[in-house]
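The next block holds one structure in the form of structure tokens; read it before the comments.
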Amino acid sequence: MPAFRTLDDIGDIAGKRVLVRVDLNVPVKDGRVSDATRIERVAPTITELSDKGAKVILLAHFGRPKDGPDPSMSLEPIAAATEAVLDRPVHFAPDCVGDVAQGAVNAMADGDILLLENTRFHKGEEKNDPAFVEALAANGDIYVNDAFSAAHRAHASTEGLAHHMPAYAGRTMQAELEALEKGLGNPRRPVVAIVGGAKVSSKIDLLTNLVKKVDALVIGGGMANTFLAARGENVGKSLCEHDLAATAKQIMIEAATAGCAIVLPVDAVVAREFRAGAASETVGVDAVPADAMILDVGARTVEAINEWIDRAATLVWNGPLGAFEIEPFDAGTVAAAKYAAAQTREGVLVSVAGGGDTVAALHHAGVADDFTYVSTAGGAFLEWMEGKPLPGVEVLKS
Ligand SMILES: Nc1ncnc2c1ncn2[C@@H]1O[C@H](COP(=O)(O)OP(=O)(O)O)[C@@H](O)[C@H]1O
Ligand SMILES: O=C(OP(=O)(O)O)[C@H](O)COP(=O)(O)O
């Protein structure tokens, strides 16, 4: 039996207003959802609740709006994408609290599905502000959290609400926790982790603990630039958080103490423009031109990464190795993904990957189905791997 309450415990919900926290922070390219995996994964929870006659009110965030409402981060287009996945109507309200939200909820019939606007349009969301939690709670009788990929955030809609009403884990939350426990609860060693992507400041701290759990940490993507710069390389105009140099150095020290190898790129694909088909060249990481950006790992780095994948019995991967959405900067990610997929198919590797963009990258490489398990979560998955309690999960425990 899971250690948390699930939909099996929810009882009769006909006519009840169920606030369902989902993660609809999906990759969007040219205004269209480019990977609907997160929507597909929450669909079973939404349809189950709707079929039981609940009024299903979806809460979600999109992007990281800085100063209140930002039309470029509206969830309205995602409502249409959700409707397409569910093949049933999804109504939309342009605010998640107040009169607008209340009016839309009052107009719902049993079984209806309503998506409320981006919770992060209100400052109280990320602060888990009690007044904002109460404003959200005013529209619900029951709370279901199906956003495992946001469970590492102690925000109003991921944590605060669970204190206000009966709270349950949705089907995806339950499935993710069960699958991660099965795949990585007692992993076969050596364990190799690949961490890349762009969310450097929000993920770098967790590497301090991760190096104590894995045998090698391969660092790629934007994350690698911060480590290269900390080592004294000139990374030109690359995505890089220079103020995190001390943290990066400390992680390298912690890794050496723990006996975890740190694997950094030796070469990089650089360009002066961030667009498809931009002129690019491969250079050593010690020869990045001052006016260029690192947008992918080079072929020698891919070879080194594949050698680490060869040594691994278990592979854990979050974060693309380059800006994979734009050709030709997808090459490193695609090559390593195909290699890990082939090893998995041969039965010599357990491969677990996660993260909104990582999943999109694996689909782009055509190998998402070959991995042992693909989680919707990136940061939450790494924090789970670290052994850190996830606030959004802890609050659901009986
Ligand atoms: N060298 C790089 N420079 C800029 N962006 C990069 C680089 N490498 C990877 N990225 C970007 O990282 C993003 C994914 O990062 P992140 O959100 O951390 O991953 P996930 O969603 O899988 O957890 C992608 O949009 C990709 O373009
Ligand atoms: O996309 C997400 O996480 P991920 O990039 O770690 O996979 C989640 O929606 C959490 O978003 P956040 O990192 O802005 O809190």
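Quick caveat, the model's predicted, so the values are computed rather than measured. All ligand and atom numbering here is 1-based and tracks the order in the structure. Excluded from the calculations below are hydrogen atoms, water molecules and symmetry mates; all remaining heavy atoms, backbone and side chain alike, are included.
The G356 neighbourhood of ligand 2 comprises atoms 7 (O), with distances under 4.0 Å to a heavy atom of that residue. Remark: ligand 2 atoms within the under-4.0 Å shell around heavy atoms of S149 are 8 (C), 10 (C). The atoms of ligand 1 that sit less than 4.0 Å from any heavy atom of G222 are 1 (N), 2 (C), 7 (C), 8 (N). Numbered from 1 in the order shown, with element, the atoms of ligand 1 that lie under 4.0 Å from a heavy atom of K199 read 17 (O), 18 (O). Of all the atoms in ligand 1, the ones that sit under 4.0 Å from a non-hydrogen atom of T358 are 20 (P), 22 (O). Ligand-side atoms of ligand 2 in range of N25: 1 (O), 2 (C), 8 (C), 9 (O), 11 (O), range being under 4.0 angstrom from any heavy atom.
Within the 4.0 Å heavy-atom cutoff, R120 counts among the residues contacting ligand 2. Within the structure, ligand 2 lacks S202 among the residues with a heavy atom less than 4.0 angstrom away. Taking a 4.0 Å cut-off on heavy atoms, A150 fails to register as neighbouring ligand 2.
Of the charged side-chain nitrogens involved, at least one lies within less than 4.0 Å of a carboxylate oxygen, so that R272 and E281 count as a salt-bridged pair.
Contacts with ligand 1 closer than 4.0 Å are made by side-chain heavy atoms of E325 only, the backbone lying farther away. Contacts with ligand 2 closer than 4.0 Å are made by side-chain heavy atoms of R38 only, the backbone lying farther away.
Counting non-hydrogen atoms of neighbouring residues, nucleotides and ligands closer than 6.0 angstrom, the CG atom of D291 exceeds 12 such neighbours.
Closest to atom 17 (O) of ligand 1, if we only count protein heavy atoms, is D357 OD2, 3.5 Å.
Hydrophobic clustering of Ile, Leu, Val, Met, Phe, Trp and Tyr side chains at less than 4.5 Å, counting indirect connections, keeps L49 apart from V105.
Checked against a 3.5 angstrom limit, the closest N/O atoms of G379 and ligand 2 fall inside it.
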